[in-house]
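Per chain, numbering begins at 1; letters A, B, ... match sequence-line order. This one's a predicted model, so the numbers in the text were calculated from it and none came from an experiment.
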Amino acid sequence: MKVATWNVNSIRSRLDHATQWLQNNPVDVLCLQETKVVDADFPTEAFAALGYQTCVYGQKSYNGVALVSRQPMEAVQCGFTPVLGKERVGDLDDQRRVIAGLYDGVYVVNLYVPNGSSVGSDKYAYKLAWLACLQDYLAALLANYPLLNVCGDFNIALEDRDIYNPEAKANHIMASPLEREALKAVLTVGLADGFRKFTDEGGHFSWWDYRAGSFRRNLGWRIDHHYLSTALYDLATTCTIDIEPRRWEKPSDHVPVIVEY
DNA sequence: ATGGCCTAGGATCTAGGA
């Protein structure tokens, strides 16, 4: 079974890229983030034409996540609230950033973690609160689903080897100590980085800024991840980043990351 | 040192991204 995660930065702007990539890479489940479209306008038909089902959880202009799968996803849940309840979640589901479902015995969680804007901002506080909620959410899920694949755009590079120039980014958004600690705390529920099972060295990235020729110079960050429960981590056979779509015309700033088990 | 680019919405600019 293969699962891919890809922040497409608007599915309507990237529909040709998404369908072309899926034809070249017929994964079982494709997790999309930043779809930036209300559910009624999601291009479901384009995926149906390739033999794929869609489960969408979108909103106008911002955020939005979707599951694209060969077979129908089961036990689909949108947001934190179905698992944790309104009292715990509060307003953290107002932005649509979480969709999850069961596929062939694996519970796939598709996340778009808040960006946080800048260290110390209100959005930064929101990001940290969201990550604390995510920890409770995943701990609860793991009790029911021992085979858990938590993937998506985390907007955090966990280690220095995941950034092109870590010294200059030590307190930058996506690398600051509080964010990294929050994500490490999330992983203590029983998750490990699928990519790092197979690859130790740095220089592998999943996002490059549109500006300043960052991709051409490989000035990137590894912020899109597959975190696997222990049982699933043991089963994983590959985890790779496909940088090819970043070379296409009018690309997303992120590329797909694929795990196989 | 700064900004550099892209998208949506609704408009020739702003907000947000990372």
Euclidean distance, atom NZ of residue A:Lys250 to atom C1' of B:dT7 [Å, nearest integer]: 9 Å

Mutual orientation of the aromatic rings belonging to A:His225 and A:Tyr227 [parallel < 30°, tilted 30-60°, perpendicular > 60°]: tilted

Test salt bridge (charged side-chain N to carboxylate O under 4.0 Å, His left out) applied to A:Glu201 and A:Arg161, step by step: CA-CA 7 Å; A:Glu201 76 270 15; A:Arg161 59 180 166 163; over 6 Å; no

Side chains of A:Trp21 and A:Asp242, donor plus acceptor under 3.5 Å: yes

C1' spacing across the pair B:dG10 / B:dG16, given as an integer number of angstrom: 15 Å

A:Ser229-A:Tyr145 side chain donor-acceptor pair, cut-off 3.5 Å: no

Heavy-atom protein contacts under 4.0 Å, nucleotides 10-18 of chain B, coded B base, S sugar-phosphate only, - none: S-----SSB

Value in whole Å for how far the P atom of B:dC5 lies from CZ of A:Arg216: 12 Å

Geometric class of the A:His172/A:Trp221 ring pair [parallel <30°, tilted 30-60°, perpendicular >60°]: tilted

N/O (side chain, A:Arg12) to phosphate O (OP1/OP2, B:dG9) under 4.0 Å: yes

Between P of B:dT7 and CG of A:Leu32, the distance in whole Å: 16 Å

Rounded C1' spacing from B:dT12 to B:dA1 in Å: 30 Å

Atom P, compared across B:dT2 and B:dC13: separation rounded to whole Å: 25 Å

CG/A:Asp122: more than 12 non-hydrogen atoms of other groups inside 6.0 Å: no

Below 4.0 Å: OP1/OP2 of B:dA8 and any side-chain N or O of A:Ser13: yes

